Amino acid sequence: MDVEAQKRAAAARALDFVRPGMRLGLGTGSTAKHFVELLAERVRMGFDIVAVPTSEATRALAEKLGIGLTTLDETPTLDLTVDGADEIGPDLTLIKGGGGALLREKIVAAASAQMVVIADRSKLVEGIGRFPLPIEITPFGAAATRRAVEAVTAGVGCPGPAVLRKAANGHAFVTDGGHWVLDAKLQHIADPPTLAARLAAIPGVMEHGLFIGLTRVAIVGGPHGVQLIERT
Ligand code: 5RP
């Protein structure tokens with residue numbers, strides 16, 4: 001199986017967690033896109049669900065495919081969110097936000113009774129941090145926020161530059177919420193909970209891409225099939 005097939009196989013397995021009548025969170029990224037497409041096939045067969053997308057891209061795809069959408073204002077609690085990840089640690093601590101949707105992804109995951117992560121095998125890591133940690137910030141005072149982020153990461157033993165993410169046009173990448181993203185190149189995050197707490201306390205940081213304790217199940221597609229990893 002190539003990588004796309006591994007992602008699709010993981011997405012297909014996640015459908016087993018979906019029941020008629022569920023309120024779902026729909027993730028963002030290439031793996032989540034497979035899930036949305038497969039879910040839409042079920043919806044066309046009469047499966048009755050309603051969903052909250054975690055990005056405008058996912059909203060557009062779900063709308064195009066005929067999936068009934070709602071908002072967290074109309075439906076503040078969800079049964080299940082299915083989303084991808086950039087890194088999956090052994091305890092199912094995640095790094096997310098490679099696609100820039102981390103704020104909405106975390107709000108939707110936190111509003112869900114369960115979050116299932118879907119990924120190909122390349123996302124499984126022994127320790128998290130090699131993937132640059134996305135940190136969503138307000139444009140106001142961005143340089144000061146960046147300095148504060150770098151001080152915090154150095155203070156918890158993972159120093160590294162926090163680089164402003166650029167769009168293809170060379171300007172700052174802008175999230176669906178109108179924010180910017182710093183990608184912190186840390187290499188290894190030894191203490192994710194402490195880093196998460198300290199980043200969250202910085203004025204100007206809207207959200208960071210550490211997802212801790214939010215998921216109990218990861219579905220990982222590999223060359224020889226799909227593996228289900230459960231956090232006990
Ligand atoms: C978007 C995300 C994605 O879930 C993450 O980047 C994984 O994407 P992909 O499935 O394309 O590898 O966090 O903000």
Side-chain angles (χ1 to χ4, degrees), residues 1-15 24-39 51-62 80-89 92-112 114-125 128-137 163-168 172-186 189 192 196 199 205-212 214-215 217-222 226-227 229:
M1 274 207 281
D2 67 15
V3 172
E4 277 318 302
Q6 293 173 24
K7 292 178 184 180
R8 199 161 182 96
R13 179 72 174 79
L15 281 176
L24 300 178
L26 301 179
T28 294
S30 58
T31 318
K33 182 169 181 279
H34 285 296
F35 178 76
V36 173
E37 290 169 354
L38 293 165
L39 180 68
V52 176
T54 54
S55 63
E56 295 306 316
T58 297
R59 174 195 307 286
L61 177 67
L80 170 70
T81 284
V82 178
D83 201 349
D86 298 300
E87 279 188 350
I88 305 171
L92 302 192
T93 290
L94 311 174
I95 288 184
K96 285 186 53 55
L102 62 151
L103 175 58
R104 292 190 186 185
E105 288 173 335
K106 198 178 281 188
I107 292 170
V108 169
S112 303
Q114 189 179 13
M115 178 188 189
V116 168
V117 173
I118 51 176
D120 65 90
R121 219 185 140 64
S122 69
K123 306 295 181 62
L124 274 186
V125 294
I128 62 166
R130 191 170 291 275
F131 189 91
L133 179 66
I135 301 165
E136 189 160 342
I137 64 166
V163 179
L164 183 67
R165 190 181 295 184
K166 297 279 177 63
F173 171 87
V174 180
T175 69
D176 287 342
H179 305 128
W180 290 355
V181 175
L182 299 174
D183 290 305
K185 299 173 192 257
L186 309 178
I189 301 172
L199 287 174
V205 168
M206 303 306 299
E207 195 48 84
H208 55 77
L210 287 168
F211 281 49
I212 301 172
L214 282 168
T215 184
V217 178
I219 302 173
V220 180
V226 165
Q227 177 190 8
I229 303 169

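Please read these numbers as outputs of a predicted model, since none were measured by experiment. FYI, the numbering just counts along the sequence from 1. Every number for a ligand or one of its atoms is a count from 1 in the order of the listing.
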With atoms numbered from 1 as shown, which atoms in ligand 1 lie under 4.0 angstrom from a non-hydrogen atom of [X]?
{"X": "Ala101", "value": "14 (O)"}
{"X": "Gly97", "value": "2 (C), 13 (O), 14 (O)"}
{"X": "Thr28", "value": "1 (C), 2 (C), 3 (C), 4 (O)"}
{"X": "Gly98", "value": "6 (O), 13 (O), 14 (O)"}
{"X": "Gly84", "value": "4 (O)"}

TODO: Quick one: closest heavy-atom pair of Ile212 and Ala196, and the distance?
DONE: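 Residues Ile212 and Ala196, closest heavy atoms: CD1-CB, 3.8 Å.
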Open item on the list: At under 4.0 Å between heavy atoms, is it the side chain or the backbone of Ala119 that contacts ligand 1, or both, or neither?
Closed with: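 It is neither; nothing of Ala119 touches ligand 1.
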Task: Heavy-atom proximity to atom 5 (C) of ligand 1, best of Thr175, Asp86, Asp83 - done: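 Nearest option to atom 5 (C) of ligand 1, by heavy atoms: Asp86.
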TODO: Would you mind checking if Lys96 and Glu207 are paired as a salt bridge, meaning a charged N to carboxylate O distance below 4.0 Å?
DONE: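 No, Glu207 and Lys96 are not salt-bridged.
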Open item on the list: Between Leu94 and Met115, is there a side-chain heavy-atom distance shorter than 4.5 Å?
Closed with: yes
Task: Test item: Val82 and Leu24 side chains (from C-beta on) under 4.5 Å apart, heavy atoms - done: no
Looking only at protein heavy atoms, identify the closest one to [atom] and say how far it is in Å.
{"atom": "atom 4 (O) of ligand 1", "value": "Lys96 NZ, 2.9 Å"}
{"atom": "atom 10 (O) of ligand 1", "value": "Thr31 OG1, 2.6 Å"}
{"atom": "atom 1 (C) of ligand 1", "value": "Glu105 OE2, 3.0 Å"}

TODO: Could you walk me through whether Thr175 and Leu103 pass side chain to side chain contact (heavy atoms under 4.5 Å, CB included), step by step?
DONE: CA-CA 9 Å; Thr175 69; Leu103 175 58; over 6 Å; no
Task: ligand 1 contact by Lys123, heavy-atom criterion under 4.0 angstrom - done: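 Right, Lys123 reaches ligand 1.
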- [ ] Assess Gly100 for proximity to ligand 1: is some non-hydrogen atom of it under 4.0 Å away?
- [x] yes
- [ ] Check step by step if side chain to side chain contact (heavy atoms under 4.5 Å, CB included) holds for Leu15 and Phe35.
- [x] CA-CA 8 Å; Leu15 281 176; Phe35 178 76; 3.8 Å; yes
Task: Rounded distance [0.5 Å steps], CD in Gln227 versus CG in Leu124 - done: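 The CG atom of Leu124 is 6.0 Å from CD of Gln227, to the nearest 0.5 Å.
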Open item on the list: Side chain or backbone, does Gly29 bring an N or O within less than 3.5 Å of an N or O on ligand 1?
Closed with: no
Task: Close N or O approach (Ser30, ligand 1; < 3.5 Å) - done: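 There is such a contact, yes.
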TODO: List the steps and the verdict of side chain to side chain contact (heavy atoms under 4.5 Å, CB included) for Val52 and Arg104.
DONE: CA-CA 10 Å; Val52 176; Arg104 292 190 186 185; over 6 Å; no
- [ ] Mind running salt bridge (charged side-chain N to carboxylate O under 4.0 Å, His left out) on Arg8 and Glu4 for me, showing each step along the way?
- [x] CA-CA 6 Å; Arg8 199 161 182 96; Glu4 277 318 302; over 6 Å; no
